[in-house]
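Proteins get letters first, then strands, A, B, ... in listed order; numbering begins at 1 in each. Source: prediction; values computed, not measured. Side chains are part of it too, since the values below use all heavy atoms of this structure and drop only hydrogens, waters and symmetry mates.
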Number of protein chains: 2
Amino acid sequence: MTAHAEHLAVIAQADIFHNLDTPALRSVMAYAVAAHYQEGEFVFYQDDPAERVYVLAEGRLRLLQLTPEGAQINMGLVSPGQAIAVISLLEAQRYPVSAQAIGSALVLSWSRRDLHHLMIGCPQIALNALQELSQRMIEFQDRLRELTTERVERRIARGLLRLARQAGRKTEQGVLIDLPVSRQDLAEMTGTTLFTVSRTLSQWEERGIISAGRERILIRFPHGLVTIAEDLPAPHPPPSEKPSDSQV
Amino acid sequence: MTAHAEHLAVIAQADIFHNLDTPALRSVMAYAVAAHYQEGEFVFYQDDPAERVYVLAEGRLRLLQLTPEGAQINMGLVSPGQAIAVISLLEAQRYPVSAQAIGSALVLSWSRRDLHHLMIGCPQIALNALQELSQRMIEFQDRLRELTTERVERRIARGLLRLARQAGRKTEQGVLIDLPVSRQDLAEMTGTTLFTVSRTLSQWEERGIISAGRERILIRFPHGLVTIAEDLPAPHPPPSEKPSDSQV
DNA sequence: TGCGCACTTTGCGCCAGCGCAAAAAGCAGC
DNA sequence: GCTGCTTTTTGCGCTGGCGCAAAGTGCGCA
């Protein structure tokens, strides 16, 4: 389905189309194709020929990579305004990951040809894309470093903080991860197993740092997580719900 | 030092300046600054304000990232023609890694302003940069996946194969890694310790797959490494030097 | 030719985190 | 409220790979 005028605002919000003037935005829109996806549907599959560049308008996407053995790891979360599959700009490439909708999602996309054409006419788009990619690159470098040098507990703490940043919603209880996140998901994101994640979360729950349920995590005391992530000397014990463990 | 005409050929070779016409190349050159570095010198340091984009003309660079604890990991190798620190295009960023010369190196660089200006005038440059970044992104994703899902031995095998691809020189003995690579370096690249690397290489040496010395690695039987990297059922034993272990 | 340094090997002990199995707890649909 | 499915917890055993110490080796330099 071709994009309508209603999508113009969305396009203007996207990182990759920042700082474009209205005529430019209009021509971007003219080439856009919009599509809806339901929970669990795939926007594209890893290893398929990369032909379109996507921008997420609404909802969230999960990026998955399959290992040769069939195991699956979570390469990241896409929030509205982000572009994915920029690799499609190059000829004869394949998608390096699969993109799957979490909940329902609205996605805009452009063919390689069209976006290439738009970029030539409006280099700012290419610069924006470069910007976005660079940022993501840095994030990857950090994850890589964490993975090679840090213990599991720290990695999980960081993973949770990252999630909170990307999909956290403040409530009076604390920061709620506004997504169904299973222990398995967290394990994939941090390079460990669901067992270890489960044990670690339970431990944090006892300490009052978080409060976790089935595919639901509430961070009650974010600073506690930061402490673990940065390996600081444990600060004040968190404001626990329970009356007084230490005084009994 | 400002670039001279002699650098034009180098510039034309760089991935980021592919497919430019001669006038464009000339203006690129007009803004370039060339600099030489000796073994071990740093082109830039992590966390310094990112102000220039670099293209390696000759030699090799090592990208290093420091952990908060002071440990250091090897984030990659830069070969001639590659661009680094593209992040500098954005305002107010800092270099996410340090870049250090291996042997002597010739580096061209452009200021944020100038390169930005060049890209606006010639969008192809931005597209090329996007291309280069995308490729590197995929490599990072792969490393990330390997790190979370694969055993140490496989990671070392892959690391070695990657090195061979980037800096391998064919000889009649096999593929020689044309760089001083210590066990420590390999350990940083693959997320393990120099002890484990040492043990693993010794083992491979016994099997005749490689032949290693002080900061020197010769891959005698690349297929053996591939076998390990892909976890295939061990193929023919390698054509060992030693007369006949199995028949004695 | 010999010294000193940096890199490498090897032995030994240990434990963080994995892997599995089985039980428990949520959740959804009927 | 019951049934069945998915997610989560927990116990237990195990081992890959780390960490350290000490000895060995190759290389550059005087």
Side-chain angles (χ1 to χ4, degrees), chain A residues 38-40 62 67 69-74 102-103 146-160 177 179-207 210-218 228 231, chain B residues 38-40 62 67 69-74 100 102-103 146-160 176-177 179-207 210-218 228 231:
Chain A
Q38 301 300 316
E39 160 68 31
R62 192 197 325 258
T67 69
E69 280 75 29
Q72 177 172 88
I73 74 158
N74 199 317
I102 304 178
E146 290 167 19
L147 222 37
T148 57
T149 62
E150 292 172 7
R151 301 265 124 151
V152 168
E153 190 184 29
R154 284 179 81 170
R155 302 207 306 263
I156 300 176
R158 283 188 202 275
L160 217 45
I177 307 292
L179 274 178
V181 189
S182 69
R183 306 292 182 273
Q184 176 67 41
D185 289 336
L186 252 178
E188 283 169 12
M189 290 169 39
T190 54
T192 178
T193 62
L194 83 164
F195 307 105
T196 301
V197 170
S198 174
R199 280 182 256 264
T200 307
L201 293 192
S202 299
Q203 196 187 313
W204 290 346
E205 193 155 13
E206 270 171 30
R207 291 211 260 154
I210 66 168
S211 158
R214 185 196 172 87
E215 301 198 321
R216 204 191 61 89
I217 301 175
L218 175 72
I228 296 167
D231 197 25
Chain B
Q38 301 301 315
E39 159 70 29
R62 190 194 330 251
T67 71
E69 280 74 30
Q72 178 173 85
I73 74 158
N74 200 317
Q100 184 182 32
I102 305 177
E146 290 167 18
L147 222 37
T148 58
T149 61
E150 293 172 5
R151 302 263 121 154
V152 168
E153 190 183 29
R154 281 178 82 170
R155 303 208 306 265
I156 300 176
R158 283 189 203 273
L160 217 45
L176 178 69
I177 308 292
L179 276 177
V181 189
S182 70
R183 305 292 181 271
Q184 176 66 41
D185 289 336
L186 252 179
E188 284 169 13
M189 290 170 37
T190 53
T192 179
T193 61
L194 83 162
F195 307 106
T196 301
V197 170
S198 175
R199 279 182 255 264
T200 307
L201 293 192
S202 299
Q203 197 187 312
W204 289 347
E205 193 156 12
E206 270 171 29
R207 292 211 258 152
I210 65 168
S211 157
R214 185 197 173 85
E215 302 198 318
R216 204 191 60 89
I217 301 175
L218 174 72
I228 295 166
D231 197 24

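- Within the 4.5 Å cutoff, the side chain of A:L218 has no heavy atoms near those of the A:I210 side chain.
- Atom CD1 in A:I217 sits roughly 13 Å away from atom C1' in D:dT7 (whole-Å rounding).
- Considering only heavy atoms from C-beta on, A:L201 comes within 4.5 Å of A:L186 through its side chain.
- The CZ-P distance, from B:R155 to D:dG17, rounds to 8 Å in whole Å.
- Comment: B:R158 engages B:E146 in a salt bridge, judged by a side-chain N to carboxylate O separation of less than 4.0 angstrom.
- For D:dT9, one of the phosphate oxygens OP1 or OP2 lies less than 4.0 angstrom from a side-chain nitrogen or oxygen of A:S198.
- Of the residues in residues 179-188 of chain A, those lying under 4.0 Å from DNA chain D by heavy-atom distance are A:S182, A:R183.
- Counting to the nearest Å, the P atom of D:dC18 and the CD atom of B:E153 are 13 Å from each other.
- Contact of the A:I228 side chain with the A:E153 side chain is registered, since non-hydrogen atoms from C-beta on lie closer than 4.5 Å.
- Pairing each heavy atom of A:R62 with each of A:N74, the nearest pair is CG-ND2, 3.8 Å.
- Between the side chain of A:R183 and the backbone N or O of A:S198, no donor-acceptor pair lies under 3.5 Å.
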Margin query: Generate the contact string for nucleotides 19-30 of chain C. Rules: B means base contact, S means sugar-phosphate contact only, - means no protein heavy atom under 4.0 Å.
Written below: BBB----BS---

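- Side chain of A:T200 to backbone of A:T196: a donor-acceptor contact under 3.5 angstrom is found.
- At whole-Å resolution of the value, CZ in B:R216 and P in C:dT8 are 12 Å apart.
- Distance B:L194 CG to D:dG17 P: 16 Å, rounded to the nearest Å.
- In this structure, A:A187 and A:L194 approach most closely via the heavy-atom pair CB-N, 3.5 Å.
- One atom, CD of B:E39, and another, P of D:dG28, lie 13 Å apart when rounded to the nearest Å.
- Atoms CD (B:E206) and P (C:dT8) sit 18 Å apart, rounded to a whole Å.
- With sequence neighbours left out, the salt bridge (charged side-chain N to carboxylate O under 4.0 Å, His left out) criterion links B:R199 to no other residue.
- Residue A:L201 contributes atom CG, which lies 14 Å from atom P of C:dG17 at whole-angstrom precision.
- A close approach under 4.0 Å does not occur between any side-chain nitrogen or oxygen of A:T196 and OP1 or OP2 of C:dG17.
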